[in-house]
Participant: 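Please find one structure pasted underneath; my questions will follow.
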Number of protein chains: 6
Amino acid sequence: MFKPVAVRRIERADSSTIGALGEMGVATVHEAQGRVGLLKPYMRPIYPRARVAGSAVTILAQPGDNWMVHVAIELCEPGDVLVVGCTADNTDGMFGDLLATSCQAHGIRALVIDAGVRDVADLTEMGFPVWSRAISAKGTVKETLGAVNVPVVCAGQLVNPGDVVVADDDGVVVVERPRAAAVLDKARARTSNEANKRERLANKEKGLDMYDMRGRLEQAGLVYVDSIDDL
Amino acid sequence: MFKPVAVRRIERADSSTIGALGEMGVATVHEAQGRVGLLKPYMRPIYPRARVAGSAVTILAQPGDNWMVHVAIELCEPGDVLVVGCTADNTDGMFGDLLATSCQAHGIRALVIDAGVRDVADLTEMGFPVWSRAISAKGTVKETLGAVNVPVVCAGQLVNPGDVVVADDDGVVVVERPRAAAVLDKARARTSNEANKRERLANKEKGLDMYDMRGRLEQAGLVYVDSIDDL
Amino acid sequence: MFKPVAVRRIERADSSTIGALGEMGVATVHEAQGRVGLLKPYMRPIYPRARVAGSAVTILAQPGDNWMVHVAIELCEPGDVLVVGCTADNTDGMFGDLLATSCQAHGIRALVIDAGVRDVADLTEMGFPVWSRAISAKGTVKETLGAVNVPVVCAGQLVNPGDVVVADDDGVVVVERPRAAAVLDKARARTSNEANKRERLANKEKGLDMYDMRGRLEQAGLVYVDSIDDL
Amino acid sequence: MFKPVAVRRIERADSSTIGALGEMGVATVHEAQGRVGLLKPYMRPIYPRARVAGSAVTILAQPGDNWMVHVAIELCEPGDVLVVGCTADNTDGMFGDLLATSCQAHGIRALVIDAGVRDVADLTEMGFPVWSRAISAKGTVKETLGAVNVPVVCAGQLVNPGDVVVADDDGVVVVERPRAAAVLDKARARTSNEANKRERLANKEKGLDMYDMRGRLEQAGLVYVDSIDDL
Amino acid sequence: MFKPVAVRRIERADSSTIGALGEMGVATVHEAQGRVGLLKPYMRPIYPRARVAGSAVTILAQPGDNWMVHVAIELCEPGDVLVVGCTADNTDGMFGDLLATSCQAHGIRALVIDAGVRDVADLTEMGFPVWSRAISAKGTVKETLGAVNVPVVCAGQLVNPGDVVVADDDGVVVVERPRAAAVLDKARARTSNEANKRERLANKEKGLDMYDMRGRLEQAGLVYVDSIDDL
Amino acid sequence: MFKPVAVRRIERADSSTIGALGEMGVATVHEAQGRVGLLKPYMRPIYPRARVAGSAVTILAQPGDNWMVHVAIELCEPGDVLVVGCTADNTDGMFGDLLATSCQAHGIRALVIDAGVRDVADLTEMGFPVWSRAISAKGTVKETLGAVNVPVVCAGQLVNPGDVVVADDDGVVVVERPRAAAVLDKARARTSNEANKRERLANKEKGLDMYDMRGRLEQAGLVYVDSIDDL
């Protein structure tokens, strides 16, 4: 049963953990936590090369209505990321340069919104990163209540307030707050492992050998032929 | 009943009004005229940071057929924008660098096409801006008549010949020609108002206070709780 | 009946022909071969201005499984382009910076994949071009066999191993290997013809005259009126 | 510039013309008027075999808001069809069994809505036909004004109040009111012509002969070969 | 962090409450709980007129892998509804007549799956209702673990094990288990209220009067004109 | 390089094999041949419960142009199925009741078309089954050549002339002609095996036991817990 509520206090992960997860990037963090937590790939950055991590302040919004964004900004701390889910599919431009100005003034790092955004030229110039499903000039009303800092589904992914949001060119991934440190450990292990692999591959070692795949491929039944005429 | 017709003379808005609307940008113009006139958000620019305004020379085209574009170019004046609607959904590349060369030679400012476009690397280098629903190398034939300078639906929006088309990174909006001056007045009022708001928000004034929302939120039933456990 | 097979030897087109086709670009090559061979326009480059041509090493992959990519890399020669079709629609990120490192080490020029790709910031920095249907951080498993160097359908287009793949900002086109030289001849004729047209159009000659369309338009029934009130 | 207006009086086509157009069906009417006027094919009936024709009472609605439907019903006459366009893409269920009850009480024949509809089991039982883009239980608010009996774009097609709407299993087509009689004449000619063709085709006459296509095919360059090995 | 887990015991709502919610139908239940809980409208029944309610046994599945469905069936009680969410968008036919046979043998009432289903002719004949995003003959493997009876996102909606799932021609709605009785009360109030409204509307009372909208419309600024020429 | 050609003679599979494959149904045939050959799931029947199998007469058509369908009908034998691929995505209604009348007169069993179809009420009454991507009243021209009985891609699947097409409520699958008998053998084995499984499952045997999955699940790491609180 829907409750129009705004929750003032949320728990956040340790800021150094958040920062370190951001450096790992989305693909690595996603792998490190067992391939869960990814928002659908229709969520795209409005400009290339943005990379952020922060604590989710979540917003459940009505389609075409950005009233709750104003409520949420007041409840943010520096380093937070706004995460907006909608009660129905929508592409209206619920966020523009005025809200971004307010966000930057309060130290909010980014917006992740399962709807549209506008003023993208201004947002790009300001360096305020946004991941959205659409770009649209269509403005919104402030008529119907939603909620702030309740669990929301954004682009197919459950996000709890205080979860760590990591976003870059590859998309957006969410890490459950209580597991952030553990995920970071796994991500670090993965990263150092990858550096080694990268060097070996750059030296022309084949993936088939490096990952020791030849036996498994044969066992699975892969047949090599010299020419397609041999089939 | 479909008539294959090309209309030679259309009325255009005042060129200074058109120029001023272009400076306002799509989001502002859309708001200023009461949130109508926007093309669907699948219409995207082929390169970032383009911004134009011009008088619509409209084209009703058959899918995969760009014959009418040639007819339309001859009927354009410098400062016009070609607006192409199709009789069925289509992504073929109906426009490329040769047509763009011809457009630039005649002072045509941009293309807005509810279909595909090709040679986008060349168009980008030439600085000829296009808003389209797709990029596709698929060329087109010149077999079936359409019409020029009749009312067309482009990306869900009715466009009359001579309407003012404004396009930027946020999309494309159409202003009915007879209302262009009035819309410009409202857009200007909006813009100066926004500058003031931007400054206040940058100084950490909250939207909740600046827009005086707290009373309305309470009246609508928004409940603040300290913690989600208080729900 | 599906066979998990990897074909070692494929025929390739002449490398100078391949190079020359790449210079022609996708739109010209597509026209030159009679408007066939184009992949669907949802295939987009991960960064602008990339342009490549190469011999297709084809991969039939299971959705969410990149095992066969490792098999394919070993079978490539410098100048090849990996072309991946999937047995079901999929957007998972089946290719990232490690595989790209391996590809570059072996002289592979590009990837064309009817699925997702990840690490796009890294791939952009490395200058390894990819045309894909999606960008997604979702990684993949190595569990189920596919095939390498068999005919595959990629983005709606049949690709045979050894076909010439040309890709740029306009998309991706495939030229059947045995016809590569003939297509190149037609593309060259087309290009020189276009240079002349471009100059005439830049000098304000109208397409209606250059293409001698006025008679055909009249015959087809196009009616010119001075004003829409004359209809 | 948007005006929240409801127009009381519209002109309608002759009721016998409307009825006769309905008997012709969508495909025939669409052909008869030169292949224009068709709504996009995503508009589908909620149950099979419905067939209606009526005068359009048009509604411009805000997404997720069905306030104007109530305004429109009062302005309808028996035999009218409600046609709803939205100011942004939306799938909410803006119409259900209560509104259908009211429509039937006032002799309204059908609903054509570029949004969602709900209570489809009830509507089917009542025999109230609807063509919509979606079925969705999501209800709507009554908060923001739109307009009634102004020109609207519905599913990509301009509809003027009083235009004749014809809908069946093949979709929805709109006939401009002033042309309804002329379109009916053409549709009738077409229909009688088709009966003759149907009989000839049923008697195994080939389309190639009946339409006298062989010469044109040869002229266009079609080559017959006995076997694909002859290519 | 993903855990491959199967939870044996879940709490369920009272069976009479579940049955009564099913009789209310999706649209009424959705309204009664404040317009939340609806799955996206792409979830459609495989045959018309099915209507069910039951307790959710939730499944988190890998795309193209139905291993966890087998695990879940063993954990069901009669009256349960299987609810399947996937870790990535997928349309493979993860469920067919064999699994449906097993489900019916164990008293499972229905399947709600954010993926594909197959053998739909058999399922229809058996009377086993399914709501899915696709119909596809593509079978699935049993290779990668997911989870059973953990919170899942299905078609954009969070579903907790034991929640009440109501599904009919209008789609699928989820009621949080602890609130099922309260939602039922509101739904009942709504339903009796609707019967009265239906009768009044059938007697030609206008919605404008029954809902007392005329004053609000005027206050909001709606203008009535006799003819469009009066604008 | 595109050749406008019509091939008169194709090889067909044995008619009893074709008939038997049709009885197996799409899902079984797809499994039997190793999960390949399936057209994308957007291909849907225009009415339920149709089931056919036949030899593919393939058509490569230009979007919005059904000229080649007429050419193909003459080249069909009784028992054939028309399979239409397009050179670009298209939903126009390229086939209606006149063509269906001609098809039935020549013993053609069905149409599979990666485009639209119209007159679906008539086609349903005639009992002429069609699998298509869309239903649309938009008619087509006869202007541009395609080809008949060449390999085509239809809904993402390569179809060679003479391949066996099987279609039912689950979609459409293609069996390579030379393998039809072998696929039938495997399909039969599968079917008899399924009957046994169905009976066991109906008798409440669990899939976990029947497929002997418990060991593999444990080995893969599935953990059972009594309650979610035990996590």
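Order of the sequence lines fixes the chain letters, A, B, ..., with proteins taken first and strands second; residue numbering starts at 1 for each chain.
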Participant: Could you have a look at B/D97, B/V69, B/D92 and say which one has the most heavy-atom pairs with chain C under 4.5 angstrom?
Facilitator: B/D97

Participant: Verify the neighbour count for atom CD of C/E205: are there more than 12 heavy atoms of other residues, nucleotides or ligands below 6.0 Å?
Facilitator: yes

Participant: Working to the nearest 0.5 Å, report the span between NZ of C/K206 and CG of B/L75.
Facilitator: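 So the gap between those two atoms works out to 9.0 Å.
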
Participant: Nearest 0.5 Å, what's the CG-OG1 distance between C/N203 and B/T101?
Facilitator: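 The CG atom of C/N203 sits 11.0 Å away from the OG1 atom of B/T101.
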
Participant: Given the options B/K138, B/H70, B/E11, which has more heavy-atom pairs under 4.5 Å with chain C than any of the others?
Facilitator: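 Ranked by heavy-atom pairs under 4.5 Å with chain C, first place is B/H70.
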
Participant: Would you mind checking which part of B/V148 comes under 4.5 Å of any heavy atom in chain C, side chain (CB onward), backbone (N, CA, C, O), both or neither?
Facilitator: neither

Participant: Which residues, numbered in order, of residues 213-228 of chain C come under 4.5 angstrom of chain B by heavy-atom distance?
Facilitator: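 Only C/M213, C/R214, C/R216, C/L217, C/A220, C/G221, C/L222, C/V223, C/Y224, C/V225, C/D226, C/S227, C/I228 of residues 213-228 of chain C have a heavy atom under 4.5 Å from chain B.
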
Participant: Please state whether the side chain, the backbone, both or neither of B/T124 comes within less than 4.5 Å of a heavy atom of chain C.
Facilitator: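 Side chain of B/T124 only, per the 4.5 Å heavy-atom cut-off to chain C.
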
Participant: Distance from B/W67 atom CH2 to C/L208 atom CG, nearest 0.5 Å?
Facilitator: 10.0 Å

Participant: Quick check on B/N149 against chain C: is it the side chain, the backbone, both or neither that has a heavy atom closer than 4.5 Å?
Facilitator: backbone

Participant: Quick one: what part of B/L145 sits under 4.5 Å from any heavy atom of chain C, side chain, backbone, both or neither?
Facilitator: side chain

Participant: Output the distance between atom OG (B/S136) and atom CG (C/D170), rounded to the nearest 0.5 Å.
Facilitator: 8.0 Å

Participant: When heavy-atom pairs shorter than 4.5 Å are enumerated against chain C, which of B/S102, B/A147, B/G139 gives the highest number?
Facilitator: B/G139

Participant: Could you tell me whether B/R118 and C/E31 make a salt bridge, using a distance below 4.0 angstrom between a side-chain N and a carboxylate O?
Facilitator: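 A salt bridge is present here (some side-chain N lies under 4.0 Å from a carboxylate O).
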
Participant: Can you say whether B/E143 sits under 4.5 Å from chain C via the side chain, the backbone, both, or neither, judging by heavy atoms?
Facilitator: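 B/E143 touches chain C through backbone and side-chain heavy atoms alike.
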
Participant: Check side-chain contact (heavy atoms from CB on, under 4.5 Å) between B/L98 and all other residues, then give those that pass, not counting sequence neighbours.
Facilitator: C/E194, C/K197, C/R198, C/L201, C/Y211

Participant: Against chain B, work out which of C/G171, C/G25, C/A202 has the most heavy-atom pairs shorter than 4.5 Å and name it.
Facilitator: C/A202

